[in-house]
Amino acid sequence: MTTFPNRIFSGIQPSGNLHLGNYLGAMRNWVKLQRDYDCIFCMVDQHAITVWQDPAELRRQTRELACGMIAAGIDPEGTLLFNQSQNPDHANLAWVFNCVARMGWLNRMTQFKEKAGKDRENVSVGLFAYPALMAADILVYKATHVPVGEDQKQHLELTRDIAQKFNNDFGREVFPLTEPLIFGTATRVMSLRDGTKKMSKSDPSDYSRINLTDDVDRIAEKFRKAKTDPMELPASVEELKDRPEADNLLGIYAALADLTLEEAVARFAGAQFSKFKGELTDLAVSVLGPIGAEMNRLMADPGHVDAILARGGEKVRALSAPVIAEVYDTVGFLRP
Ligand code: TYM
């Protein structure tokens, strides 16, 4: 069996409203991993257009996201940072994967079912084929590990299925079976308005999420208004079982304070929500405030961010070129 060198890839959609779930579930872990591994982080603008994006907004959001990642601690010198459309090899490989993946596999994707809702006939073909492009993002660099939040687990299982089928069909071990890296205490941050729904960029209520660009007053207001239940905070993790809002807010506190959930629960056992929410706000502001400020500072110089992304794009094209050549030879395409 071939062993593939460790390489980390992850992506994030520049569809606006970069939020606390993205930060705790993904970006914060990327910052830690970049110290020890080869990392590639991508703003997936081609995924973003599977639903309508205003062109000027998409460009602005892509820059804003890049600034957010750098402000959160991604080092653009040591880590490769770029937007997906800068490397056409993602889309090239995605086409081959469209011919490897089966309709039945894609039909089972819960993200597609949620996004398409009842109106399946009217969504873009791209939304359906989305996971094949995601597999291509990862495998065009033969990435071995992908740090994500829990909601992406199913897409990563599909990525393994595609790699395995490709390798089997052609009788060559071209691709690794990539492992998800899902760790930390906030792998699934929930909405502040409903503890059973994921915190998401696309929720119509801005009160459902903390955005990385929210200022102190806005963060305080959102936590103050966050849904709770009428009881005081529990003394044990077991008692959080049927209390999704308390569970979520304590989970956020634990993640921001670098505590385990048990430690956070012990800290607030028997407290009223009002007292806890005050401390949660102070903590969130102390962590997110500097990131938001740095993000705004970087946004003031779009030329600088564009240069970082262009440099990243050039480097990743050099990495994917031999993989695409190998795939084309394997599949039987003539190439110059
Ligand atoms: P996206 O843009 O929705 O989210 C980016 C990252 O943030 C994580 N995340 C969360 N984590 C915890 N709680 C939440 N409420 C929450 N919301 C989002 C996501 O798990 C993700 O890690 N399909 C991907 C983008 C993508 C990608 C890839 C990821 C495209 N190609 C290749 C990894 C590898 C997406 O829509 O993420």
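Read the numbers this way: they start at 1 and go in the same order the structure lists the ligands and their atoms. Because only heavy atoms are used, hydrogens play no part in the values below, and waters and symmetry mates are left out as well, while side chains stay in. If you read the sequence from its start, that first residue is 1, and numbering goes on from there.
Sorted by chain and number, the residues within 4.0 Å of ligand 1 by heavy atom are F9, S10, G11, I12, Q13, H19, G21, N22, G25, A26, V44, H47, Y130, M134, D137, I138, V146, V148, G149, D151, Q152, A186, T187, R188, V189, K198, M199, K201.
Classification of E77 and R311 as a salt-bridged pair holds, one side-chain N sitting under 4.0 Å from a carboxylate O. Note on E294 versus R297: salt bridge recorded, some NZ/NE/NH1/NH2 to OD/OE distance being below 4.0 Å.
Listed by chain and residue number, D329 satisfy the salt bridge (charged side-chain N to carboxylate O under 4.0 Å, His left out) test with R335 (two or more places apart in sequence, or in another chain).
Under 3.5 Å, the side chains of T79 and Q34 contain a donor-acceptor pair of N or O atoms. Checking Q86 against E314 by side-chain atom types alone, no donor-acceptor pair falls below 3.5 Å.
Counting heavy atoms from C-beta on, the side chains of D203 and R209 come closer than 4.5 Å.
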